[in-house]
Every structure is written in structure tokens, then in C-alpha cells.
J.: 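What follows is a single structure, and I will ask about it in a moment.
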Amino acid sequence: MKYGSMVGMEQRADEAEMIITAKIDDDFARAMAEPGLAAAKARFGRTTATRLSALPRHPAYNKARGFNQDDAHHLESICAFFADAALLPLIEVWAGDASASLGRRLAHAGFYAAEVNTTLHTRPGRPTSTPPGIEIREVTPDDDDTVYLATLFSGYGLTAEADSAQRAMMAIEHRSPHLRRYLAYIDGRPAGAAALYTARQRGYLAGAATVPGMRNRGCQSALIQQRLHDAADTSSYVVVTTAFGSPSQANLQRLGFTIAHTRTLWRPLQPD
């Protein structure tokens with residue numbers, strides 16, 4: 001890869017991740033006020049580390065994001081941040097920061113590259129084209145959000161008994177003052193939920209799920225298009241994250257998104 005291309009990738013990554021980091025800062029500021037979640041956040045140079053002891057098996061809440069060569073000397077402190085809560089350290093490296101030397105540093109510390117996710121981006125403002133039979137309604141801050149949250153929880157398969165901590169954290173994430181929330185209805189029944197986070201003239205498609213019995217009927221495509229349309233009011237740039245090579249990525253690219261960069265999650269190698 002040419003040097004100019006690498007610099008361009010770093011710039012795209014920084015621009016894309018700026019809004020995602022803003023949302024994480026927002027969510028964890030409020031989560032840390034809930035003692036039952038045992039949430040914590042720390043900065044190590046440009047690296048942002050978050051942990052949520054109530055949900056130890058959820059990488060989205062428990063990892064160090066944006067680890068890079070300049071912050072490599074913080075690796076021991078980052079690992080200690082997670083060890084203090086009896087959590088395994090997970091390290092996320094963005095494509096523009098990846099290098100052989102950083103990979104060797106992580107490998108020598110006992111980490112391996114476990115999975116790859118991608119951040120995609122696009123410009124907002126496309127006209128919506130809702131499939132027949134689907135109605136999109138916005139849930140305003142003044143509305144009762146019970147149906148919205150119930151639809152979201154159902155889409156993620158969260159039950160009240162077994163997943164109370166995750167439901168509590170997800171409710172925090174979806175009650176941000178910077179969030180616009182949407183429900184998709186099919187034949188008058190709530191079928192899908194999704195959110196748009198906006199800050200710093202950027203938009204982030206943050207969280208979306210469809211009720212199992214309503215899947216493959218166009219809800220998420222309709223919700224994506226509605227959010228892109230509405231994001232034009234405040235944002236010049238919209239991002240979203242998903243697993244690399246997933247059906248979700250293919251769907252997003254069909255709707256006009258392109259890859260900003262990839263993110264590799266490094267996990268500690270565990271004994272067999």
C-alpha cells in the first residue's frame with residue numbers, strides 16, 4: 001500500500017471513529033452512575049478503554065479501542081485496567097494503525113488477532129423508499145419508549161429474567177439526548193427498532209434489531225434509509241459498524257455505504 005493511501009486510511013478512520021467515541025463517552029458517563037453495572041472508562045493516549053463488569057462476556061463494552069504504536073508503552077496499564085475488574089483485556093487496532101511492529105508487540109504480550117469488524121460511511125440525504133406494508137415512525141423524547149425498548153430487546157433476544165444487566169445498559173444507550181429513535185411497523189405491529197446518534201456534524205447508525213418473526217421483510221433497509229434521510233438535517237457524514245464480510249455489510253453497501261476502515265480485535269491467548 002502506498003504511503004498516501006495509508007495516510008488517507010488513517011484520516012478516514014479518525015473521522016469515522018470520532019462520532020463512535022463520542023457516543024461511547026456519552027453512554028459510559030451515564031452508565032457509571034448506575035452502581036449495578038460497575039462501568040468504568042479510561043484514556044491511554046489515543047486509546048479509549050471501557051469495561052462493564054456486569055457484562056463480562058460482551059466485547060462491545062469491554063475493550064480498548066484505537067490501540068496504536070504511540071500507545072504501545074501503555075499496554076501493561078491497559079491490561080491492568082481490565083485485570084482490576086477480573087476481566088480479560090481485549091485490544092482493538094484500526095487498520096490505519098496496524099503494522100508489523102505493533103502486531104509483534106501484541107503477539108509477544110500473548111495476544112492473537114481474533115476477529116475483524118468494519119466501519120462503513122456514506123453521505124446522508126437520500127430520498128426514502130419504504131417497501132409496501134412497512135411504516136416508519138419516530139419515537140420522540142416526549143413519547144413513552146416502552147414499545148421501542150421492548151421491540152429492541154425482542155430483536156436482540158433479551159429476556160427480562162436472564163438479561164437484566166444488558167437490558168439496563170441498552171436502555172442507557174438508547175436514551176441519550178443525542179439520539180433519534182425509530183420503529184418500523186408491519187401491518188400495524190412493531191417489527192423493528194433502530195437509532196441515529198448525532199453530534200459534531202456527524203451521524204452514527206447506532207443499534208438496530210428486528211423481531212424474529214418479522215425478519216427478511218425489509219424493515220432494516222427501510223430504517224437505514226429513513227435515518228440517512230433524517231441525518232441530513234444535522235450531519236454531513238454517517239457511519240455504521242458491522243462484522244466484516246457479513247450479510248449486514250453487504251446490505252449496507254447495497255444502500256450506498258463504503259468501507260472507511262477495518263478494526264481487528266486482539267484477544268489474549270488462553271491455555272487449552
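Bear in mind the structure is a predicted one, so any value in this text is a computation, not a measurement. Reckoned from all heavy atoms, side chains included, excluding hydrogens, waters and symmetry mates.
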J.: What residue pairs, at least two apart or across chains, pass side-chain hydrogen bond (donor to acceptor under 3.5 Å, both in side chains) with a residue in residues 74-86?
T.: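 Qualifying pairs: none.
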J.: Heavy-atom distance under 4.5 Å between the side chains of F67 and L106, does that happen here?
T.: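 SC-SC contact between F67 and L106 confirmed.
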J.: Using 4.0 Å as the upper bound for N to carboxylate O, is an ion pair formed by D233 and R180?
T.: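 Salt bridge flag = yes for D233 with R180.
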J.: Only counting residues at least two apart or in another chain, list the ones meeting salt bridge (charged side-chain N to carboxylate O under 4.0 Å, His left out) with E34.
T.: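 Partners of E34 under the salt bridge (charged side-chain N to carboxylate O under 4.0 Å, His left out) test: none.
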J.: Is L196 reachable from L255 through a run of I, L, V, M, F, W or Y residues, each pair having side-chain heavy atoms under 4.5 Å apart?
T.: yes
J.: Could you tell me which residues satisfy salt bridge (charged side-chain N to carboxylate O under 4.0 Å, His left out) with R189, sequence neighbours excluded, listed by chain and number?
T.: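 So R189 forms no salt bridge (charged side-chain N to carboxylate O under 4.0 Å, His left out) with any residue.
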J.: Can you name the residues that form a side-chain contact (heavy atoms from CB on, under 4.5 Å) with A29, not counting sequence neighbours?
T.: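 Listed in chain order: nothing, the list is empty.
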J.: Looking only at heavy atoms, what is the nearest atom pair of A243 and N117, with distance?
T.: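 The pair with the smallest heavy-atom distance is CA-OD1, 3.2 Å.
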J.: Can you give me the closest heavy-atom contact between A232 and G125, atom names plus distance?
T.: CB-CA, 3.7 Å
J.: Within the structure provided, determine whether H174 and L179 are in side-chain contact (heavy-atom separation under 4.5 Å).
T.: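 Yes. Closest side-chain heavy atoms under 4.5 Å.
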J.: Count I, L, V, M, F, W, Y as connected when their side-chain heavy atoms are under 4.5 Å apart, and connections chain through other members. Are F81 and L52 then in the same cluster?
T.: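 Per the 4.5 Å side-chain linkage, F81 and L52 are not co-clustered.
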J.: Would you compute the distance between atom CD of Q69 and atom CZ of R46 and round it to the nearest 0.5 angstrom?
T.: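 One finds 10.5 Å between CD of Q69 and CZ of R46.
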J.: Closest heavy-atom contact between A168 and L37?
T.: CB-CD2, 4.4 Å
J.: Nearest 0.5 angstrom please: M18 CE to Y237 OH, how far?
T.: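 Going from the CE atom of M18 to the OH atom of Y237 covers 9.5 Å.
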J.: Please name all residues satisfying side chain to side chain donor-acceptor pair (under 3.5 Å) with R57, sequence neighbours left out, ordered by chain then number.
T.: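 Residues passing side chain to side chain donor-acceptor pair (under 3.5 Å) with R57: none at all.
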J.: Check this for me, if you would: do D25 and R43 make a salt bridge, where the nitrogen-to-carboxylate-oxygen distance has to be below 4.0 angstrom?
T.: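 A salt bridge links D25 with R43.
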J.: Scan D145, D143, D142 and name whichever one has a salt bridge (Lys or Arg N to Asp or Glu O under 4.0 Å) with R181.
T.: D145
J.: Would you say F28 and I91 are hydrophobically clustered, going by side-chain heavy atoms of ILVMFWY under 4.5 Å?
T.: no
J.: Check the pair Q226, E138 against side chain to side chain contact (heavy atoms under 4.5 Å, CB included), reporting the backbone distance first and the verdict last.
T.: CA-CA 10 Å; Q226 184 66 54; E138 184 168 359; over 6 Å; no
J.: Is a donor on one side and an acceptor on the other found under 3.5 Å between the side chain of D26 and the backbone of A22?
T.: no
J.: If you measure only the distance, is there a donor-acceptor pair under 3.5 Å linking the side chains of S101 and S99?
T.: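 Present: a donor and an acceptor within the cut-off.
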J.: About how many Å separate CE of M169 and CZ of R30, when rounded to the nearest 0.5 Å?
T.: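 With rounding to 0.5 Å, CZ (R30) is 8.0 Å from CE (M169).
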J.: Can you see which heavy atom on A54 is nearest to which on G36, and at what distance?
T.: CB-O, 3.6 Å
J.: Taking T241 as the fixed residue, which of L252, L120, I20, L205 is the one that meets the side chain to side chain contact (heavy atoms under 4.5 Å, CB included) rule?
T.: I20
J.: Within this structure, what is the CZ-CG distance for the pair R263 and D97, rounded to the nearest 0.5 Å?
T.: 12.0 Å
J.: Between T242 and S248 (side chain of the first, backbone of the second, donor and acceptor by atom type, cut-off under 3.5 Å), is there such a pair?
T.: no
J.: Could you report the tightest heavy-atom contact between A49 and F44, atom names first, then the distance?
T.: CB-CE1, 3.8 Å
J.: Looking at F82, is R51 sitting on its ring face, NZ or CZ under 6.0 Å from the six-membered ring centre and within 45 degrees of the normal?
T.: no
J.: D163: what forms a salt bridge (charged side-chain N to carboxylate O under 4.0 Å, His left out) with it, not counting sequence neighbours?
T.: none
J.: Other members of the hydrophobic cluster containing F153, with the 4.5 Å side-chain heavy-atom rule, please.
T.: V139, V147, Y148, L149, L152, Y156, L158, M170, L183, Y185
J.: If we ignore angles and hydrogens, is there a donor and acceptor under 3.5 Å between the side chains of D144 and T146?
T.: yes
J.: Side chains of P131 and R217: closer than 4.5 Å at any heavy-atom pair?
T.: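 Side chain of P131 against side chain of R217, heavy atoms only: no contact under 4.5 Å found.
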J.: What's the spacing between L87 CG and L55 CG if we round to 0.5 Å?
T.: 10.0 Å
J.: Of all residues at least two apart in sequence or in a different chain, which pass the side-chain contact (heavy atoms from CB on, under 4.5 Å) check with L88?
T.: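 Partners of L88 under the side-chain contact (heavy atoms from CB on, under 4.5 Å) test: P268, Q270.
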J.: Do Q220 and R215 have side-chain heavy atoms sitting under 4.5 Å apart?
T.: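 SC-SC contact between Q220 and R215 ruled out.
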J.: Does I78 share a hydrophobic cluster with L90, counting links as ILVMFWY side-chain heavy atoms below 4.5 Å and allowing steps through other members?
T.: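 Not linked; separate clusters.
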J.: Give, for atom OG1 of T50 and atom NZ of K63, the distance between the pair rounded to the nearest 0.5 Å.
T.: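 These two atoms lie 8.0 Å from each other.
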J.: According to side-chain contact (heavy atoms from CB on, under 4.5 Å), who are the partners of F244, at least two apart in sequence or on a separate chain?
T.: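 side-chain contact (heavy atoms from CB on, under 4.5 Å) list for F244, sorted by chain: V116, T118, Q249, I259, T262.
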J.: Taking only residues two or more places apart in sequence or in another chain, which ones pass salt bridge (charged side-chain N to carboxylate O under 4.0 Å, His left out) with D71?
T.: none
J.: With heavy-atom distances below 4.5 Å as the criterion, would you say the side chains of W94 and R65 are in contact?
T.: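 A side-chain contact under 4.5 Å exists here.
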J.: Between Y61 and D27, is any pair of side-chain heavy atoms under 4.5 Å apart?
T.: no
J.: Tell me the closest heavy-atom pair linking I134 and C219, and the distance in Å.
T.: CD1-N, 3.8 Å
J.: Quick one: does T122's side chain have a donor or acceptor within less than 3.5 Å of a partner on V238's backbone?
T.: no
J.: According to ring-ring contact (aromatic ring centres under 6.0 Å, His included), does anything in residues 190-219 pair up with another residue at least two apart or in another chain? List the pairs.
T.: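 Every pair satisfying ring-ring contact (aromatic ring centres under 6.0 Å, His included) with a residue in residues 190-219: H178-Y197.
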J.: Report yes if some heavy atom in the side chain of Q201 is under 4.5 Å from a heavy atom in the side chain of T234; otherwise report no.
T.: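 No, every pair of side-chain atoms sits at 4.5 Å or beyond.
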J.: Please walk me through it: do H121 and T258 pass side chain to side chain contact (heavy atoms under 4.5 Å, CB included)?
T.: CA-CA 6 Å; H121 62 149; T258 57; 3.3 Å; yes
J.: Could you work out, with side-chain contact (heavy atoms from CB on, under 4.5 Å) as the rule, every residue matching A150, not counting sequence neighbours?
T.: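 Partners of A150 by the side-chain contact (heavy atoms from CB on, under 4.5 Å) criterion come out as none, since no residue qualifies.
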J.: If you measure only the distance, is there a donor-acceptor pair under 3.5 Å linking the side chains of R202 and S235?
T.: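 No, no side-chain donor-acceptor pair sits under 3.5 Å.
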